[in-house]
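This report concerns only the one structure given below.
Chain naming here is simple, since letters A, B, ... match the order of the sequence lines and numbering starts at 1 in each.
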Amino acid sequence: MQVSMDPGIWVSVAFILFTWSYLIKETPIYRFAEHTMIGVTAGIMTVYGLKNVLDIALTPLITGESFIGIIPLVLGILLYARYSTKYRYLSRYMIAIIVGVGAGITLRAEADSNFMVQLISTVTAPLTNMNNIVKLIATVTVIFYFIFTGPEHKGTPGIFAKIARYFMMITFGAMFGNTIMFRISLLIGSLQTILYDFLGLMPT
Amino acid sequence: MQRKEKQKDIWTKFDEIDRRIIYVPLILVVIYPLLYPIGLPITIAPEVKEMYDKMNAVPEGGVIILGYDFNVAAWGSLGAAAISITQHAFMMPDVKILVVAFTPDGPMLFDKAMKVVDPMGKEYGKDYVNLGFFAGAGMAMVSLAKDMQLAGVDYYGTNLAELSAMDDIETLQDVVDSNGLLISFDIGTTWDYVPNWQAPYDLKMGVVTDALGYPMRLPYYDAGQLVALAFGNVCGASYEKLLNRPGLATASIDAITLAEVLVTIFIVLGNIGYLVKKTRGGT
């Protein structure tokens with residue numbers, strides 16, 4: 001066993017153990033770890049945001065390589081006009097551009113790639129494969145369940161709703177199982193940091 | 001007069017057990033195989049073999065984009081697969097490797113992977129480049145696709161014009177024309193990659209995700225928008241076996257298997273306890 005001398009590993013292991021102290025009860029060291037994580041994340045995001053502005057807009061402007069960066073720079077500064085009662089209206093221009101560009105990018109490809117392609121794939125899949133048959137039945141019945149509510153869930157149409165409920169329960173169960181797998185992977189990752197990186201205990 | 005305590009049977013006791021007592025066997029079951037691997041057989045998952053074959057199909061002169069789009073918290077789940085697939089990319093002759101990240105931790109995780117990956121003679125700047133993190137997800141992808149040298153500098157601050165690996169790569173179309181491939185290790189960027197990179201440019205794209213995100217990406221795979229889809233440590237262990245380089249995932253797969261068996265036993269016992277209690281009219 002050879003304990004690591006890397007301060008980064010020590011900090012990492014300390015925070016893992018601080019967080020795990022929550023398993024006993026909520027402790028001040030857990031709170032410290034939680035608040036530190038939130039603060040560091042906010043700090044990193046700020047630094048990365050500034051770095052992006054610097055690399056993509058400001059540096060080309062200063063070097064004369066490209067002047068188009070002045071537009072987002074000015075509009076970005078206008079966002080801070082929100083803090084002024086008199087000039088607050090100026091910030092709405094930037095918000096409108098952000099929303100407009102976002103909507104444009106989303107509409108351009110989302111409708112096709114996230115909706116139509118998959119709908120066509122589901123409906124046109126050959127029914128020679130049991131998976132495809134189950135997929136089609138599940139899709140149709142679950143859509144029926146959510147679109148037609150109330151009286152349509154009774155009587156003969158209620159059969160579709162019942163089938164849909166069974167499919168959904170199976171799906172939620174599978175998702176629960178996948179969640180457990182994911183959480184166990186996180187646990188193993190943390191233990192590997194402690195056992196391999198910190199304590200230097202390698203598998204025999 | 002002392003009240004007689006109602007006799008509790010094993011199911012009631014189990015139903016009321018302190019959950020902290022359940023954590024102890026779980027941690028022991030995970031720690032033991034990490035230190036003393038049992039050597040349970042690893043079957044190569046078909047979806048992992050498919051990803052391996054798609055990687056091998058990239059021709060000489062092609063470009064592989066590795067999307068390190070996960071965070072440190074997901075390293076336990078995706079780290080081993082990222083290392084293995086990155087190693088595979090480095091083992092392929094005359095293939096350029098671009099590393100991009102749309103999560104802040106991505107570039108650092110690539111550096112972490114490179115501590116373990118053997119570069120196989122590939123030189124930084126000539127054969128592979130770490131372009132760094134781009135904020136803005138979908139919007140950043142649209143801009144980057146039109147100009148792959150958008151940032152002007154790589155993650156380490158070197159001017160991209162000085163890196164010969166970027167000479168023939170100006171737009172994403174250049175990557176597509178080289179019959180290239182994007183492999184994204186992601187926990188949420190698939191929804192941005194598909195409409196902004198895969199669909200408009202017909203870019204071949206594979207995804208390695210965590211167990212939680214795998215079912216949500218299956219519709220993309222079934223629709224043919226993803227050429228390969230795999231998840232977590234299963235991908236890592238299978239890939240390590242394909243490359244004949246046992247690593248983190250091989251070391252952890254025993255732990256995962258035993259932990260999941262234990263959790264399954266607890267779930268079954270818990271449900272039996274619930275049904276017994278329900279039968280007796282309890283709440």
Proximity breakdown for B:Ile267 and chain A, heavy-atom pairs closer than 4.5 Å: side chain
Kindly compute the distance separating CD1 (B:Ile31) from CG (A:Leu191), expressed to the nearest 0.5 Å. 5.0 Å
Contact check, side chains of A:Val117 and B:Tyr220, non-hydrogen atoms, under 4.5 Å: no
A:Asn52 side, atom CG; B:Phe134 side, atom CZ - distance, nearest 0.5 Å: 7.5 Å
Under 4.5 Å from any heavy atom of chain B - which part of A:Phe176: side chain
Which one wins on heavy-atom pair count under 4.5 Å against chain B: A:Leu23, A:Thr179, A:Thr124? A:Leu23
What are the residues of residues 210-217 of chain B, in order of number, with any heavy atom under 4.5 angstrom from a heavy atom of chain A? B:Asp210, B:Ala211, B:Leu212, B:Pro215
For the residue pair A:Thr193 and B:Trp75, establish whether any side-chain heavy-atom pair is separated by less than 4.5 Å. no
Sub-4.5 Å side-chain heavy-atom contact between A:Asn131 and B:Asp222: no
Per-residue contacts, residues 227-240 of chain B versus chain A, heavy atoms under 4.5 Å: B:Phe231, B:Asn233
Part of B:Pro200 lying under 4.5 Å from any heavy atom of chain A: side chain
Just by modelled atom types, is the B:Ala223 backbone N or O under 3.5 Å from a matching donor or acceptor in the A:Gln118 side chain? no
Atom group of A:Leu119 that falls short of 4.5 Å from chain B, counting heavy atoms: neither
Of the backbone (N, CA, C, O) and the side chain (C-beta and beyond), which part of A:Met181 lies under 4.5 Å from a heavy atom of chain B, both, or neither? both
Part of A:Ser121 lying under 4.5 Å from any heavy atom of chain B: side chain
